[in-house]
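Report on one structure; see the data block that follows.
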Amino acid sequence: MARILITSALPYINGIKHLGNLVGSQLPADLYARYCRARGHEVMFICATDEHGTPAELAAAKADRPVAEYCAEMHETQAALARGFGLSFDHFGRSSSMRNQALTQHLAVKLYDAGLIEEVREKQVYSPGDGRFLPDRYIEGTCPNCGYERARGDQCEECTKQLDPTDLINPRSAISGATDLEVRETRHLYLRQSKLRDRLDRWIDSQKGWPVLTTSIAKKWLHDGDGLQDRGITRDLDWGVPVQFDGAPWSGMEGKVFYVWFDAPIEYIAATAEWADALGHDEAAWRRWWRTDEGADDVRYVQFMGKDNVPFHTLSFPATLMGSAEPWKLVDYIKSFNYLNYDGGQFSTSQGRGVFMDQALEILPADYWRWWLLSHAPENSDSEFTWENFQTSVNKDLADVLGNFVSRVTKFCRSKFGEVVPEGGEWGARETQLIEDLTQGLDSYQTVMDGMMVRRSAQDLRALWVLGNEYLQEAAPWASFKTAPETAAMQIRLALNLIRLYAIISQPFIPDASARMMQALGCDDWAWPGAAGDALQALPPGHAFTVPDVLFAKITDEQREAWQAQFSGQRGG
RNA sequence: GGGCCUGUAGCUCAAUUGGUUAGAGCAGAGCGCUCAUAACGCUUUGGUUGGGGGUUCGAGUCCCUCCGGGCCUACCA
């Protein structure tokens with residue numbers, strides 16, 4: 001038994017997430033957390049809403065709500081959707097918590113003490129009309145290179161030229177359209193990451209078996225151009241962790257907050273403290289997961305995230321922890337994902353394109369989505385959601401291969417033996433063969449699940465389901481029942497036990513269906529199978545069960561067409 | 001512009017890291033079964049591995065080049 005700490009990238013607060021966000025971090029993290037728990041490991045699975053930053057303020061303004069209220073509400077919305085998808089967080093925290101504020105400020109002081117924080121004076125664009133400094137991307141204007149009229153202050157999307165906001169012709173606020181922009185001087189704290197470059201480089205090199213996607217992005221940032229750049233970790237905003245506080249080693253930082261990317265990863269730690277608080281545990285309860293001097297040295301820490309998050313998790317956050325000179329637990333493995341596209345284009349939160357978490361659950365149970373998303377997870381390259389593919393995958397895999405197996409076994413038993421595990425008969429050669437095949441399949445499944453190979457795991461699981469149908473076809477209990485009823489009894493007893501086995505091993509993918517299978521079997525023994533032959537004797541002769549309702553109703557062509565039309569336009573239309 | 005990823009059957013993806021005849025699922029064709037959600041099982045059609053060149057006894061895999069798709073490029077998060 002090991003101790004495994006799992007974090008999923010934090011979903012941003014400014015709206016309901018789409019399926020691309022879900023499959024890129026939270027869902028595979030949940031798969032792994034559920035699997036590790038099922039294997040008997042001690043798991044701490046942490047996620048939270050990421051609540052600070054300009055987009056949160058703008059989203060609140062658009063909703064005409066105070067930002068704190070808006071975030072509190074949206075946090076509850078996202079938490080409810082996470083529950084709806086069966087995401088089994090030990091704690092779903094908030095980056096705006098007092099725990100995070102205290103820890104963020106603490107780490108900033110430690111970094112200052114280590115000589116890794118410096119003050120920088122810089123000029124930034126200020127919009128009097130908006131009453132705020134504008135991040136480069138929130139300034140629009142005409143591109144001096146190509147004349148595109150909606151170029152952003154950081155880059156022109158038309159000609160891809162890198163820009164400085166002051167390069168723009170006729171600059172205006174992307175928020176309000178105000179054109180009375182001015183350049184003001186402001187002071188910010190910078191994290192001197194460049195001083196930690198060699199240490200980070202060695203640390204990355206020492207990691208074994210990280211995905212190429214993860215290491216190549218980190219290496220690029222470490223070695224490109226002048227190497228790792230120092231990074232501003234404060235912003236001129238109202239909503240966030242205050243930079244000026246009692247005990248701060250700097251002064252004159254009133255009205256500034258830490259940059260969201262400084263405090264967001266720290267929330268992984270703070271959320272674990274929130275977990276302890278919520279359950280009334282003491283400090284040691286969470287510190288044993290995060291402090292290598294207080295018990296975390298035997299923890300394996302795995303992070304899940306989309307590829308856009310990689311630089312912050314391979315460089316900024318480790319720099320924060322290393323630079324603090326305190327013994328914080330660093331990540332052991334980073335599992336990163338590409339993007340899921342929607343029907344020929346990208347999912348887009350801002351444009352409302354694609355299927356969002358709330359809509360998905362209104363249409364179909366979570367297991368359908370979990371299965372499709374995980375079995376098509378964008379591990380090696382971007383992948384694509386189409387309604388046709390979704391319909392055929394779900395119908396074939398869940399309804400036909402697994403659901404129908406449960407149905408045919410339980411109904412056959414009910415009609416021939418009643419709703420009780422039948423007695424009599426002995427295993428023969430075909431049963432021995434099945435157990436061999438299951439042993440091999442389980443071994444492979446466990447290996448790829450241990451390695452977090454998500455698609456491959458789904459394939460292996462499906463292959464295990466197929467073994468049941470193959471067995472039934474050859475054993476043909478409907479034929480043996482006529483000549484040797486005790487043989488049919490043995491075969492069906494085995495098949496009923498196979499359903500239990502499937503429920504257990506499928507639970508990380510489709511937890512609700514697994515629970516219904518176990519409930520129908522009247523069984524509460526979720527012990528992960530050791531030897532397949534032993535696991536197939538868990539339900540003894542005479543054990544009562546009930547025939548469950550159809551596990552997975554098929555998606556009809558009419559439904560598919562209706563959804564296709566419904567989601568072809570924009571959200572809310 | 002620079003960097004990285006990617007291109008394999010009609011579709012979605014594999015291929016133990018250079019090893020022999022490139023494999024699965026879906027779709028198509030044929031056969032079987034009749035317990036089951038018209039489900040299941042077996043067999044089978046289908047590939048000049050984006051194009052071209054090179055290295056090698058041997059290339060889907062390594063190198064060069066061209067073509068296509070995608071991501072990142074540090075103030076969106």
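Below, read A as the first sequence line, B as the second, and so on, with proteins coming before strands; counting in each chain starts at 1.
- Comparing the P positions of B:G23 and B:C40 gives a spacing of 25 Å, expressed to the nearest Å.
- Regarding A:Arg231, its CZ atom lies at a distance of 10 Å from the C1' atom of B:A77, rounded to whole Å.
- Using a 4.0 Å heavy-atom cutoff across all strands shown, A:Asp136 reaches at least one base atom of the nucleic acid.
- Using a distance-only test at 3.5 Å, with no hydrogens or angles considered, a donor-acceptor pair links the side chain of A:Asn497 to the main chain of A:Leu539.
- In this structure, A:Arg132 does not pair ionically with A:Asp238, as no charged nitrogen and carboxylate oxygen lie closer than 4.0 Å.
- The pair A:Asp205-A:Lys219 meets the salt-bridge criterion, with a side-chain N (NZ, NE, NH1 or NH2) lying under 4.0 Å from an Asp/Glu carboxylate O.
- Between A:Trp387 atom CH2 and B:U12 atom C1' there is a gap of 18 Å when expressed in whole angstrom units.
- B:U43 and B:U49 are spaced 27 Å apart, taking the P atom of each and rounding to whole Å.
- Counting non-hydrogen atoms under 4.0 angstrom, A:Lys554 reaches a base of the nucleic acid.
- Within 4.0 Å of A:Gly403, counting heavy atoms only, lies at least one base atom of the nucleic acid.
- Within the 4.0 angstrom heavy-atom criterion, only backbone atoms of the sugar-phosphate kind lie near A:Val466; the bases stay farther away.
- Comparing the C1' positions of B:A36 and B:C71 gives an interatomic distance of 46 Å, to the nearest angstrom.
- A salt bridge links A:Glu185 with A:Arg121: the closest approach of a Lys/Arg side-chain nitrogen to an acidic carboxylate oxygen falls below 4.0 angstrom.
- Note: CG (A:Asp400) to P (B:C33) measures 21 Å, nearest angstrom.
- Figure legend: A:Lys307 and A:Tyr339 shown as a cation-pi pair, the cationic atom lying under 6.0 angstrom from the six-membered ring centre and within 45 degrees of its axis.
- The base of B:A39 lies outside donor-acceptor range of the side chain of A:Asn404, with no N or O pair under 3.5 Å.
- Nucleotides B:C35 and B:U12, compared at atom C1', are 32 Å apart to the nearest Å.
- Between the A:Gln559 side chain and the A:Thr556 main chain, a donor and an acceptor come within less than 3.5 Å of each other.
- Nucleotides B:U6 and B:G60, compared at atom C1', are 13 Å apart to the nearest Å.
- If you measure from atom CD of A:Gln78 to atom P of B:A77, you get 16 Å, rounded to the nearest angstrom.
- Looking at the side chain of A:Arg235, the nearest of the listed nucleotides B:C75, B:C13, B:C72 is B:C75.
- Stacking between A:Trp478 and B:C35 is shown: the ring centroid lies under 5.5 Å from the centre of the six-membered base ring, and the planes differ by under 30°.
- Within the 4.0 angstrom heavy-atom criterion, base atoms lie near A:Asp308.
- Among B:C76, B:C35, B:A74, the nucleotide with an atom closest to any side-chain atom of A:Leu228 is B:A74.
- A salt bridge links A:Glu182 to A:Arg184: at least one charged side-chain nitrogen sits closer than 4.0 Å to a carboxylate oxygen.
- When distances run from any side-chain atom of A:Leu472 to the nucleotides B:A77, B:C35, B:C76, the shortest one goes to B:C35.
- Using P as the reference atom, B:G69 and B:U8 are 14 Å apart when rounded to the nearest Å.
- Within 4.0 Å (heavy atoms only), A:Pro55 reaches sugar-phosphate atoms of the nucleic acid but no base atom.
- A salt bridge between A:Arg516 and A:Asp512 is absent, with no side-chain N of the basic residue lying under 4.0 Å from a carboxylate O of the acidic one.
- Distances from the side chain of A:Arg408 to the nucleotides B:U37, B:G3, B:C35 place B:C35 closest.
- Distance A:Arg455 CZ to B:A14 P: 6 Å, rounded to the nearest Å.
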**Study point:** Stepwise salt bridge (Lys or Arg N to Asp or Glu O under 4.0 Å) test for A:Arg94 and A:Glu51
**Key:** CA-CA 7 Å; A:Arg94 302 183 59 188; A:Glu51 305 192 358; 2.8 Å; yes
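- A:Glu122 comes within 4.0 angstrom of a base, heavy atoms only.
- Comparing B:A14 with B:C62, their P atoms are spaced 15 Å from each other, to the whole Å.
- Here B:U17 is in the syn range [glycosidic angle within 90° of 0].
- Distance noted for atom C1' between B:C66 and B:G25: 34 Å (whole Å).
- Taking atom CE on A:Met453 and atom P on B:A14, their separation rounds to 10 Å, with Å as the unit.
- At the heavy-atom level, A:Ile492 lies nowhere under 4.0 Å from the strands shown.
- If you check every strand for non-hydrogen atoms under 4.0 Å, A:Thr410 touches nothing.
- In this entry B:G1 has B:U73 as its Watson-Crick or G-U wobble partner, both defining distances falling under 3.5 Å.
- The phosphate of B:U37 (OP1 or OP2) has a side-chain N or O of A:Lys411 nearer than 4.0 angstrom.
- Base contact: A:Phe312 has a heavy atom under 4.0 Å from a base atom.
- Across all strands, A:Gln229 comes closer than 4.0 Å to base atoms (heavy-atom distances).
- Applying the 4.0 Å criterion to OP1 and OP2 of B:A77, one finds that A:Tyr259 has a side-chain N or O inside that range.
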Taking only N/O atoms, report every protein-nucleotides 24-26 of chain B pair under 3.5 Å with atom names and distance.
| residue | atom | partner | partner atom | Å |
| --- | --- | --- | --- | --- |
| B:G25 | O3' | A:Arg462 | NH2 | 3.0 |

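- Among the heavy atoms of the strands, none lies under 4.0 Å from A:Ser393.
- The side-chain tip of A:Lys335 does not point at the ring of A:Phe304 from less than 6.0 angstrom away and within 45° of straight on.
- Per the geometry, CD belonging to A:Gln473 stands 9 Å off C1' belonging to B:U34, to the nearest Å.
- Residue-level contact check: A:Gly15 touches neither bases nor backbone, having no heavy atom under 4.0 Å from any strand.
- Interface remark: the A:Glu470 side chain does not form any donor-acceptor pair with the B:C42 base, using a distance-only criterion of under 3.5 Å.
- Counting any heavy atom pair closer than 4.0 Å across all strands shown, A:Val550 reaches a base atom.
- For A:Tyr339, no side-chain nitrogen or oxygen approaches OP1 or OP2 of B:C5 to under 4.0 Å.
- Taking the six-membered ring for Trp, A:Tyr502 and A:Phe405 have ring centres closer than 6.0 Å.
- Remark: P of B:C76 and CD1 of A:Ile175 are 12 Å apart, rounded to the nearest angstrom.
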